[in-house]
Amino acid sequence: MESSEDEMEVDETDWKQHLTDSHLTCRVSGPSLSKRLTLAHRVILHFDLDCFYAQVEMIRNPALRDVPLGIQQKYIVVTCNYVARQQGVTKLMSVTDAKQKCPQLVLVKGEDLTHYRETSYQVTELLLSFCPLVERLGFDENFVDITEIIQKRLPCTPASSFKGYVYSTSTEAAEIKASFHPELALGSHVAAELREAIRDRLGLTSCAGVATSKLLAKLVSGTFKPNQQTTLLPENVDDIMGSLGGLRKIPGVGHQTAKRLQALGLVSVSDLQLFPLTALIIELGSPCAAHLKNLSLGVDDSPVNPTGAPQSLSDEDSFKKMSRVKEVMDKIQQLLGSLVERMRKDGRQPQTFRLSVRKYSASNKWCSRESRQCPIPNHVGHKLTSASGDDASAQLLSLAMKLFSKMVDTAAPFHLTLINVCFSNLQTRAPAASIRGSITSFFAPSACPQSPRQSPVAHSNIDSSTSVNGAEDRLCSLGVSPLSPENAGKSPIGRDVASPQAGPTQSTSSVPADASRPVTASRSSTCSSGRDADITATHRLPPNVDPQVFSQLPANLQTELIREWEQRGPVLKIPILSRKPGRQAKEKKGTQRRSQANSLLDYFKPA
């Protein structure tokens, strides 16, 4: 069963990130008047696609529209259409129980999420074509901030009524209240337009919530289902919060948080609302206490953050029991195979690899995940986005097993029910020629024919198809470390480290005393005009550059490096020998940091 960070079911951590970005101020102290006015005039929409997986399958096979349909992952019905729900089938019901409830139930395997993922992004892209402020929340949910659209439309096309339902308000009263809440009234019309566009263009029905915050829009969107929408007015916030019942009904309160609150005797939302803030701070700390208090009161000023491309991709699979190392290796290899293929299509390069497992626990079946992560060596990261993905999978498997050994004692019996592999911190690789200082830019083909007087390196068989790895191999032939500028000096993250070094260890041997002697670099080229130009300059090399290695570089590369060293000037001064040893050591350490930051010099340290 595949997943990605922004595709998994929303949990406590996700909502903490969504709702605490702007440091909520508890209603006990009260926000400023100007802030209240600003928040009161926001219009936030929350879209939730109806039985999403089932809808996708019904679009792919229209014959399934009028029959009870369930989407099966392993031995669970993860969702079902409304025909099946009318016959007693529910989400997350076991296949055995679902078949007993509805013998006519048609089951479709839903472990391959490819079609669902593609359709999900089509919905997000459609919403983005209407408004730039769209935030994904899982496969089937999106937030949209239409405040600016409303402010532009309102003077020209005010709405005299609400589209859809108004929470806890009769139709007659809603007509009257439209004049008191013109922004929300017009927002309900925009929500209807977007739902209609999703249905007409993609064939999907959805529910929508219209409110002044993300929290309230999400809470109210599911009031009427399916294919409906509901608006929540500010005067009805207390009503909807009071109707929630258990604390787990509040988005952002997960299993662990609910347990801590239950230890304080807090079971319902009203319990949390009435509980003294000072006592809550003692137990949970000030930020968390204020955050939870605000949620219980329906206060949320977090912005809609445009999601953009996902920052992580992951695949996972769940099972009843896995207790052998060989089974773990086979499963990780299988997951890596599909994930590497997705990574290649994505085109970005991941910087971090994470492995997660879920150990069986009779008392806590769903919330016992454990994770370890580490940086991805740069040469492996390059392979992930190239044709050598299979080789990268083998190296990542070794990396994963090292992480696995940190979480599971393989010498003792173990019982796993889930494995997840994840690539995160995805970074776009810009064209090498556009990045000043990128090593690959120095190996680009010249627009002019090469002169026979160039150095031997210039005659290397390098053409426009040369890869980064090929360039690094040629550097290695000169005794130069291929450690990438991006990863130079990076240390593993925290204590979750089990990766090989990103490149060969740099030599720390001392530089000969004559390393700073003058060196003459000449370049001769023949341009399209037929004019020859010789550039000759005398410069002192920095102390950490091997003159022999430098002399074997192409002449144009020598000139480029000399120009860069001239610009840096004071950074590369040789420490005065008469200074105190302690101070000299500090200066040397500082120089190393600057060298790592500039990165280019790292390629030319003496072997």
Can you tell me how far the [atom1] atom of [X] sits from the [atom2] atom of [Y], to the nearest 0.5 Å?
{"X": "Thr223", "Y": "Ile240", "atom1": "OG1", "atom2": "CD1", "result": "5.0 Å"}
{"X": "Ser213", "Y": "Asn294", "atom1": "OG", "atom2": "CG", "result": "10.5 Å"}
{"X": "Cys102", "Y": "Asp97", "atom1": "SG", "atom2": "CG", "result": "13.0 Å"}
{"X": "Met93", "Y": "Lys101", "atom1": "CE", "atom2": "NZ", "result": "6.0 Å"}
{"X": "Cys80", "Y": "Leu105", "atom1": "SG", "atom2": "CG", "result": "7.5 Å"}
{"X": "Thr230", "Y": "Tyr167", "atom1": "OG1", "atom2": "OH", "result": "9.5 Å"}

Could you tell me whether [X] and [Y] make a salt bridge, using a distance below 4.0 angstrom between a side-chain N and a carboxylate O?
{"X": "Lys214", "Y": "Asp145", "value": "no"}
{"X": "Lys326", "Y": "Asp330", "value": "yes"}
{"X": "Arg153", "Y": "Glu193", "value": "yes"}

Quick check: do [X] and [Y] have side-chain heavy atoms less than 4.5 Å from each other?
{"X": "Thr124", "Y": "Thr307", "result": "no"}
{"X": "Leu396", "Y": "Val421", "result": "no"}
{"X": "Ile150", "Y": "His41", "result": "no"}

*Answer yes or no: does atom CG of Asp200 have more than 12 heavy-atom neighbours from other residues, nucleotides or ligands under 6.0 Å?*
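It does: Asp200 CG has more than 12 such atoms within range.
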
Main-chain N/O of [Y] paired with [X] side-chain donor or acceptor, under 3.5 Å:
{"X": "Lys359", "Y": "Met407", "answer": "yes"}
{"X": "Ser296", "Y": "Lys293", "answer": "yes"}
{"X": "Asn81", "Y": "Val67", "answer": "yes"}
{"X": "Thr147", "Y": "Val43", "answer": "yes"}

_Which label fits His415 and Tyr360: parallel for a plane angle under 30°, tilted from 30 to 60°, or perpendicular past 60°?_
parallel

_Please verify the inter-ring angle class for Phe224 with Tyr165; under 30° counts as parallel, over 60° as perpendicular, anything in between as tilted._
parallel

*Quick one: do the Ser270 and Ser268 side chains pair a donor with an acceptor below 3.5 Å?*
yes

*Between Ile59 and Gly203, which heavy-atom pair has the shortest distance, and what is it?*
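That closest heavy-atom pairing would be CD1-O, 3.6 Å.
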
